Amino acid sequence: METYTLRRRADATPQERYRIDYAGELNESQYLAATTLEGPVLVIAGAGSGKTRTLTYRVARLVESGVPPGQVLLLTFTRKAAEEMLARASVLVGGSCDRVAGGTFHSFANTVLRRHGRPLGLTPAFTILDRSDAEDVVNLLRARAGLDRKERRFPRKGAILNVFSMAVNRSLSVPALVEEDYGHLADHLDDLLRLQDAYAAYKREQGLVDYDDLLVLLRDLLCGHTDVAAQLSRTYRYVMVDEYQDTNSIQAEIVRGLAVEHANVMAVGDDSQSIYSFRGANFRNIMDFERLFPGTQTITLDENYRSTQPILQLANAVIDRAPEKYTKILHTRRIDGTRPMLVQCADEETQARFVSQRILELREEGLSLDAMAVLFRSSYHSFDLELELQRHDIPFVKRGGFKFMETAHVKDVLAHLRLLANPRDAVSWHRVLLLLGGLGPKTAHDVYAHVSQAGDVRDAIARLGTYPRHGAYSKELGRLAELLAETTLEELPVDEKVGRIVGFYVPMLRHRHPEDFPKREKDLEHFLTIAARYRSLDALLADMALEPPSDSVGDVLAADLDEGLLTLSTIHSAKGLEWQAVFVIGMVDGRFPSLYNLRSDDEVEEERRLLYVAVTRAKEHLYLSYPIDIYDRATGMVLGKPSRFLEGLPSAVLTGLQVVEEPDDGESY
DNA sequence: AACAAGTTGTTTTTT
DNA sequence: ACAACTTGTT
C-alpha cells in the first residue's frame, strides 16, 4: 500500500506547543506525583482521588520533557485501562503516545518472552493457554494417570488447577499450600504432585504457556539472565505500575528486575482496595515497595473528587471497622448529598422489582442509563434482576463472571486454528474431533495417537486422511482433513482461514445449539472481523488467550443505543469505574460476605474491602439492598441477615428503607 | 461389549 | 458448561 506523509508541524517548537498547566489542573499531591520523574515513587491513591488523571499527566510530562515514548512502560490491570490513559495523554501532548509500551503484566510478558525467551528454552511460537485450556490439559493428564476412576473422589480439574496456580502465585510449594489452605486434599497430595510434574512436562514438550508461566518465566528471565535484564531495563527507563495492591510477589520481582538499571519506578495503588488475594495478591505487599526500593518517596492522594460526603462517610465507616488500619481516610468538598440507603426486600423478586422501578424513576429525573450500575458479589446474583430488566425493556450490559457458555463456539473455531499453529496440540485435536457426529472420546484419542506421530502440520493432516475409517464419522473426518489441508496453505490470509473454518463449523453449531443459534453465529461474524485485523495466526491466538472479546455482540445490537445501557457488573469487574447511581444487591450475610470466603480473618477482611470498592463507585446515589429469607442451594442454608459489614451502622450513615407492596385498593379493570 | 449421546443437578471473584 | 450417571447404537 502507498503511504501519505504528514509534514511535522513547523509553527512551534515542542516547548511552545505543549503548554500544559500542571499546577492548575492538579492538586498539590497530584502535581507532586505527576512531576516527580526520577527515582522510586509510591502513590497511595484512594478511590476517586484522580489516580488516572495523575498518571495521564505524568506520561504527558515525561514525553514533554523529551523522554522518547518507547522508553516509558505503563503496566495496568487491563489493556483497556492502559489504552484509555495513553489516549488521554496523547490529547495533552498534542501528539501520539502510542509508542508508549503498555498493557497488563501478562501481555507484556508475552511480548518480551517471544523476543527474549530463547535462553529459557522457550520457542518464540509458544501457545498461551487460557484458564479453560489449562483445565482441559489437566483433565487430559488426570485421565491419562487413571485418577478419574479412583474410589476416593479425586478433585475436579478446576480445583486442581486452583491449587497449582495458588502455589505459584503465593510462591509456596504444593505440599506447603495444601497443609495451609487445602487440608481436605492432603490424602491426594502424592497424586497432585505427580500431576503437577506431568502438567509441567506436557507444557514444556508442546510449547504451551499458561497465565502463571508468563509471569514466572518473565521473572526468571529478569532474575537469572542479567544481560537480558539490563537490556530491558535500559529500554524501559520509566516504569509505572497501576493497581499495585493487586500484584503478587512474582510481579514485584518483575518490577524490581525491570528497574535494575535506574530505579525509576512509580507504583500506584490503594491498600484498602486489594481484592485479588485469590490470585496471590496481598495488600501488605504495597508496603514492601518501600523496602524493595530504598529511598522511595511516598505520596498520598486522599482527596476524593467522585463521591458526595454521605457516600464517603459510609465508605469510611465500612473500612474503619477493619482490625488492621489503612493508610488514609478519604475526604471531599462535596458536602451535600443524599444519604445511602439500606433497602430491605421480602425476597429476590421484590429486590429485582425495587431496583428496576428505582432505575426507571431516576431515568425520569434525567439520569441516563449509562450513568447507573448494579453491582453484586457473584455473577449469578443478578439472574432474577436480569429477567425483571428484560420485562421492563431496560437495556443492559453485564460485565464479569465466567462466560464459557457464550464463548464455547468461539473456542471451537479457535481450536481449529490452533491445530494449524501446532499440530501436536492434543487438547485442540480432541475438541475438534468431538464435534464430529458419531465420534466420541475413544476414537478421538485413537485419531490423535495416529496423527501426532507426524513431524509437521502437512504430515499430520495427511495422516488424518489415512486414518482407517469406518462408522458414522467416516465422511465427516474426510471433510475435516480437506478443510485443514486448505487452511494450512501459508499464502491464505488469516481472515480467509477463519472464514473457511467458520463455514465448516456453522452447520455443526446449528445442530448443537438450535435455540440460540443466531446469536452465536453473530459472535462468529464478529470474530471474523477481529481476525481480519491480524496478519499472523500466532498473534491472533496470543491475543485471544490474553484478552478474549468480552461482550457478545448479539445483546448490544438489540438495545436502543441512543440512551445508553445500564451496567450490571461483579464488583471485581467494576474496579476503577464510577457511576452517578449505584445499586449493590444481595447484601445478605452468606452472599456478601460470601460463604466460601469466611474460613479465615484475612478472607473476611478481603470481603470487607470488596464492599469498600463497591461503595466508592458511586458519585451521587447509593442503594444497598438485601432480600430476606433466601435459600442457598449450595449450602442448604437459609440466609436472612443483612451483611455483617453493615450491622449496627448509625442511621445517620445508612438510612433504612423497607420495600412494601402497593396496597390493594379493590379497584379492578 | 464398546462406545456415543442424552439427562440432571451445580456454579465466587479473573489475567 | 461440567461431571456423573443413564440410555441408545453399532
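In this text the structure is predicted, and so the values were computed from the model without any measurement. Chain A is the first sequence line, chain B the second, and so forth, proteins listed ahead of strands; every chain is numbered from 1.
The residue among Phe77(A) and Asp446(A) whose nearest nucleotide of DNA chain B is located toward the 5' end is Asp446(A).
Of the candidates dC3(B), dT13(B), dT15(B), the closest approach to any side-chain atom of Arg377(A) belongs to dT13(B). When distances are taken from the side chain of Ser378(A) to each of dC3(B), dT12(B), dT14(B), the shortest belongs to dT12(B). Distances were taken from every side-chain heavy atom of Tyr211(A) (C-beta onward) to each of dT13(B), dT15(B), dC3(B); the shortest belongs to dT15(B).
Using a 4.0 Å heavy-atom distance criterion, Tyr276(A) is classed as a sugar-phosphate-only contact. Looking at heavy-atom distances under 4.0 Å, Asn139(A) makes contact with sugar-phosphate atoms alone, never a base. Nucleic acid contact class of Leu214(A) (heavy atoms, under 4.0 Å, all strands): none.
The interatomic distance linking Gln251(A) (CD) with dT15(B) (C1') rounds to 9 Å, in whole Å. Taking atom CG of residue Leu439(A) and atom P of nucleotide dT10(C), one finds them 14 Å apart after rounding to whole Å. Note: CG (Leu217(A)) to C1' (dT15(B)) measures 15 Å, nearest angstrom. Between the CD1 atom of Ile254(A) and the C1' atom of dT15(B) there is a distance of 12 Å, rounded to whole Å. When the C1' atom of dT15(B) is taken as reference, atom CZ of Phe278(A) falls 9 Å away, rounded to whole Å. With rounding to whole Å, Leu477(A) atom CG is found 16 Å from dA4(B) atom C1'. Rounded to whole Å, atom C1' of dC2(C) lies 15 Å from atom CG of Leu161(A). Distance CD1 (Ile250(A)) to C1' (dT15(B)): 13 Å, rounded to an integer number of Å.
Across Ala614(A) and Ile571(A), no two heavy atoms sit closer than the pair CB-CD1, 3.7 Å.
Side-chain contact between Leu221(A) and His116(A) is present, with heavy atoms from C-beta onward closer than 4.5 Å.
Nucleotide dT11(B) forms no Watson-Crick or G-U wobble pair with any nucleotide shown, as no partner meets the under 3.5 Å limit on both distances.
Between the side-chain ring of Tyr380(A) and the base of dT11(B), no stacking contact exists by the 5.5 Å and 30° definition.
A donor and an acceptor atom, one from each side chain of Asn110(A) and Arg114(A), are located under 3.5 Å apart. For the 3.5 Å distance criterion, the side chains of Asn248(A) and Asn285(A) fail to qualify, holding no donor opposite an acceptor. For Gln390(A) and Glu388(A), the side-chain atoms include no donor-acceptor pair closer than 3.5 Å.
Checking the phosphate oxygens (OP1, OP2) of dT13(B), no side-chain nitrogen or oxygen of Ser573(A) falls inside 4.0 Å. Checking the phosphate oxygens (OP1, OP2) of dA4(B), a side-chain nitrogen or oxygen of Thr443(A) falls inside 4.0 Å.
Contact of Arg131(A) with dT14(B) (side chain to base): no donor-acceptor pair of N or O atoms is detected under 3.5 Å.
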